[in-house]
There are 2 protein chains.
Amino acid sequence: MALEHAILVSLDERPGTGYELARRFDKSIGFFWAATHQQIYRTLKRMDDLRWVTAEEVAQDGRPDKKVYRVSPEGRQELQRWLRETGEPATVRHDLAVKIRGASLGDPRAVAEEVARHRRHHAERLDVYRAIEKKDFPDPSALHGRRLHQHLVLRGGIKAEEALLEWCDEVLAAMREDDPR
Amino acid sequence: MALEHAILVSLDERPGTGYELARRFDKSIGFFWAATHQQIYRTLKRMDDLRWVTAEEVAQDGRPDKKVYRVSPEGRQELQRWLRETGEPATVRHDLAVKIRGASLGDPRAVAEEVARHRRHHAERLDVYRAIEKKDFPDPSALHGRRLHQHLVLRGGIKAEEALLEWCDEVLAAMREDDPR
DNA sequence: TCACTCATGTAACAGGTTACATGATTCC
DNA sequence: GGAATCATGTAACCTGTTACATGAGTGA
C-alpha cells in the first residue's frame, strides 16, 4: 500500500490536518493517487499508532479543534525504506476499454458517446496540467531536487492524458467510419 | 464494478471455465482489467446466483470435473444495460509517481533504478502488444464490428505503454542530469 | 434562509489480495 | 522424483466506497 507513503511525502512537504490532506488529494498529489477523506482519517490514525506521524491538537475559536500531523523520524525512516523497495507497475482497470471491447454486444453508438465524454474529461484534465506547468514550472531546465521531481510527476500526468486523448480520437474516428450515421 | 461485465464480454466471445477465464485475465482481456482466479470464482458464483450465466458441469476422466459457463439472456441484457451507463475515468494510483515525488527524501539514485526497472517492463509489454497487433490485426483498415473493437482496445494499450516508456526516459534523463555520477 | 467551508468521525459494505488446501496427470 | 498443468475452492485480511452524523461560522 502506498497511501501511507503518499501521505508521508505530502506531510513532509508541509504538515497539515486530515481535512487539508483530503483536499490535497483532490488535486496535486491526488492527480496520481486518489483517496477520500475517510481513507485519509483512517490511515492517519493507523500511522499515528505506528508513530510514523505525530499529532498536535490545536484549539481554534469558532472552528472545531484540529489535529496537525507531522512526519516523525520513524516516518521518515519508513519512507526511505519504501523508496528503496521495488514494485510492479500498477494493475490497470479500464471500464472504458471493457465497454469498447463489448460494444458490438450492445449499442456501439452509445459506447461511442461514452468515449466522447471521456475525451472531454481528458482534454480538460490536460488543460489543467498544462496550466499548472506554465504557472509553477516556467523554466523546467533550471529545476533541481524536489522541484524537479514534482515537475517530472506532472510531466507523467501530461503524457498520460495526451495518450488517452489521442486514443479517444482514434476510437471515435474508427467507430464513425465503421458505422456512419 | 466491471469485473462482472468484463467476464460477460469474455464469455460471450467464447464460453469457458473459471480456470480458463483466469488465464484469459492473465493476458488479452487482463491487459486492461486485472483479476485473480479467486476473484473470478467468487464472481462467477455470484453471477450464477443472479442468472447472468449458466453453468454446465462436464465430467472428465483423469481431470477434475469442470463447470463451463455461458452468458444467459439475462446476462446479455445486463451487459447491454451497463454499456449504456456513463462512468468516470478510472482513479489512478501510481506508486512510481509517489516514489519520484518523494525521491529527494531518500536516495534519488535508488528511485532512478526503480524507474529503469519500470522502463524495461513497459518496453517488454509494448513489444508484446505490437507482436499481437502484427499477428492478429495485419490489416487494421479492413476491420469491422467486434474485431475492430478488439483492435481499438489493443491500440489503447500500445498508446499507454508508449507514453509510459517515453515518460520513464524523460525522468531518467532529467535525474541523471540533476545528479551526474 | 440556505448553501458552503472547516473539521472529525462511525458504520456497513463491496472489492481485492494472500495464503492455504486438494488431487490427478503429464512432461522432463 | 519433481515441477507444471488442470480445476476448484475456503478463509482471513486489507482496502476502498458510500452513507450518515455533528456543529459552528461565513457569505449570498
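We name chains A, B, ... by the order of the sequence lines, and we start the count at 1 in each one.
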* Among all residues two or more places apart in sequence or in another chain, which pass the ring-ring contact (aromatic ring centres under 6.0 Å, His included) test with H37(A)? -> Y41(A)
* Asked: With a 3.5 Å cut-off and no angle check, do the side chains of Q39(B) and R42(B) form a donor-acceptor pair?
  -> no
* For DNA chain D, whose closest nucleotide is more 5', that of W33(A) or that of Y69(B)? -> Y69(B)
* **Angle between terminal axes - the helix from dT1(C)-dA28(D) to dC28(C)-dG1(D), 5 pairs each end, rounded to 10°** => 40°
* Going through the checks in order, is the salt bridge (Lys or Arg N to Asp or Glu O under 4.0 Å) test met by R101(A) and E13(B)? -> CA-CA 10 Å; R101(A) 208 171 200 256; E13(B) 285 181 11; 3.0 Å; yes
* Report the hydrophobic cluster partners of V68(B), with the cluster defined as I, L, V, M, F, W, Y residues connected by side-chain heavy atoms closer than 4.5 angstrom, directly or transitively. => V58(B)
* Asked: Does T17(B) put a side-chain nitrogen or oxygen below 4.0 Å from OP1 or OP2 of dT8(D)?
  -> yes
* **From D48(B) atom CG to T43(B) atom OG1, the distance as rounded to the nearest 0.5 Å** => 12.5 Å
* Asked: Ignoring hydrogens and geometry, is there a side-chain-to-backbone donor-acceptor pair from S104(B) to G145(A) under 3.5 Å?
  -> no
* Round to a whole Å and report the spacing from CG of D65(A) to P of dT22(D). => 19 Å
* Any side-chain heavy-atom pair of H5(B) and E78(B) under 4.5 Å -> yes
* Counting only non-hydrogen atoms, which of residues 18-26 of chain A are less than 4.0 Å from DNA chain C? -> G18(A), Y19(A), R23(A)
* Which is it for D95(B) and W82(A) under the side-chain contact (heavy atoms from CB on, under 4.5 Å) test, yes or no, and what are the steps along the way? -> CA-CA 10 Å; D95(B) 286 64; W82(A) 179 74; 3.9 Å; yes
* **Spacing of Y41(B) atom OH relative to dT18(C) atom C1', expressed in whole Å** => 17 Å
Tabulate protein N/O versus nucleotide N/O from nucleotides 17-19 of chain D, keeping only pairs under 3.5 Å, one per line.
residue, atom, partner, partner atom, Å
dT17(D), OP2, Q39(A), OE1, 3.3
dT17(D), OP2, R93(B), NH2, 3.4
dT17(D), O4, R42(A), NH2, 3.4
dA19(D), N6, Q38(A), NE2, 3.3

* Asked: Can you name the nearest heavy-atom pair linking L8(A) to G75(A), along with the distance?
  -> CD1-O, 3.6 Å
* Euclidean distance, atom CG of residue D48(A) to atom C1' of dT8(C) [Å, nearest integer] -> 14 Å
* Length of the CG-P vector between L3(A) and dG16(C), whole Å -> 17 Å
* Would you kindly give the CD-to-C1' distance between E56(B) and dA7(D), to the nearest whole Å? => 16 Å
* Take the protein atom CG of D49(B) and the nucleotide atom P of dA14(C), then report the distance between them rounded to whole Å. => 14 Å
* Mind calculating the distance between NZ (K45(A)) and P (dA11(C)) to the nearest angstrom? => 10 Å
* Asked: Atom CG of L44(B) to atom C1' of dG16(C): distance rounded to whole Å?
  -> 16 Å
* **Residues touching DNA chain C, which here means a heavy atom under 4.0 Å, drawn from residues 78-85 of chain B** => none
* Asked: Going through the distances and angles, do R117(A) and E88(B) end up as a salt bridge (Lys or Arg N to Asp or Glu O under 4.0 Å)?
  -> CA-CA 9 Å; R117(A) 278 188 61 250; E88(B) 294 316 300; 3.1 Å; yes
* Structure fact -> To the nearest 0.5 Å, atom CD of E124(A) lies from atom CZ of R120(A) at 8.5 Å
